[in-house]
Amino acid sequence: LPSTDDRYENILSGSRSVSYPDCFSQGQCDIIKRLLKQNQSRRLGRTKGGCAAIMKHRWFSGFAWDELMSRKHEVPIKPSTDLADNFDTYPDDVDDEPRACGWNPE
């Protein structure tokens, strides 16, 4: 893992310090570079066109934005809505008393 100083330097250097996997397309690399611009006035989404510029980026070509906005877009993973499924793997609470967090606002 990089040290705190290395991480700080990476943040300051912006997209120049990012290396992209070979499996990334040019469109993927381009949108990441544009979103990571250090100067906010040159960053994608902050330039002329605003959010629409992000939506029009070539990486999103073919994406059905209208379906997303109208909430008709098919989700890739649909979580279970059965509440019982959400608690099956948790043990019963042994202690029903609330735990003190140690914080006192006064």
Side-chain angles (χ1 to χ4, degrees):
L1 292 173
S3 70
T4 303
D5 289 338
D6 290 340
R7 195 172 302 123
Y8 180 73
E9 288 299 321
N10 286 340
I11 291 168
L12 289 179
S13 64
S15 64
R16 293 186 309 269
S17 66
V18 176
S19 59
Y20 302 95
D22 294 336
C23 61
F24 275 29
S25 68
Q26 285 182 336
Q28 286 172 304
C29 295
D30 183 65
I31 196 168
I32 293 168
K33 286 177 188 175
R34 290 177 180 222
L35 290 169
L36 292 178
K37 290 277 186 195
Q38 197 169 15
N39 184 339
Q40 289 185 21
S41 64
R42 300 184 71 202
R43 193 174 299 155
L44 186 64
R46 297 280 305 205
T47 56
K48 185 177 179 181
C51 293
I54 296 172
M55 295 168 69
K56 291 178 183 176
H57 189 275
R58 66 181 173 192
W59 190 71
F60 287 112
S61 66
F63 186 81
W65 287 104
D66 53 337
E67 287 182 22
L68 178 70
M69 298 299 193
S70 63
R71 297 178 183 250
K72 294 178 182 174
H73 204 311
E74 279 294 316
V75 295
I77 299 171
K78 189 171 185 175
S80 169
T81 55
D82 184 10
L83 289 178
D85 289 346
N86 294 329
F87 299 100
D88 287 347
T89 58
Y90 297 101
D92 292 333
D93 287 340
V94 176
D95 182 12
D96 289 338
E97 292 294 319
R99 294 183 195 149
C101 66
W103 178 73
N104 186 353
E106 295 177 3

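Position 1 is the first residue of the sequence; numbering continues from there.
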Asp30: what forms a side-chain hydrogen bond (donor to acceptor under 3.5 Å, both in side chains) with it, not counting sequence neighbours?
-> Arg34, His57
What residues form a side-chain hydrogen bond (donor to acceptor under 3.5 Å, both in side chains) with Ser61, not counting sequence neighbours?
-> none
What residues, two or more places apart in sequence or in another chain, satisfy side-chain contact (heavy atoms from CB on, under 4.5 Å) together with Pro76?
-> none
Please name the pair of heavy atoms, one in Ser25 and one in Trp59, separated by the smallest distance, quoted to 0.1 Å.
-> OG-CD1, 4.2 Å
Show me the donor-acceptor pairs, under 3.5 Å and distance only, between side chains in residues 40-49 and residues at least two apart or in other chains.
unit_1 : atom_1 : unit_2 : atom_2 : d
Ser41  : OG     : Asn39  : OD1    : 2.7
Arg43  : NE     : Lys37  : O      : 2.8
Arg43  : NH2    : Lys37  : O      : 2.9
Arg43  : NH2    : Gln38  : O      : 3.3

Roughly how far apart are Lys33 NZ and Gln28 CD, rounded to 0.5 Å?
-> 12.5 Å
Parallel, tilted or perpendicular: ring planes of Phe63 versus Phe60, cut at 30 and 60 degrees = perpendicular
Would you tabulate the side-chain donor-acceptor contacts of residues 65-72 under 3.5 Å, counting partners in other chains and residues two or more places apart, or write 'none'?
unit_1 : atom_1 : unit_2 : atom_2 : d
Trp65  : NE1    : Met55  : O      : 3.3
Ser70  : OG     : Asp66  : O      : 2.9
Ser70  : OG     : Glu67  : O      : 3.4

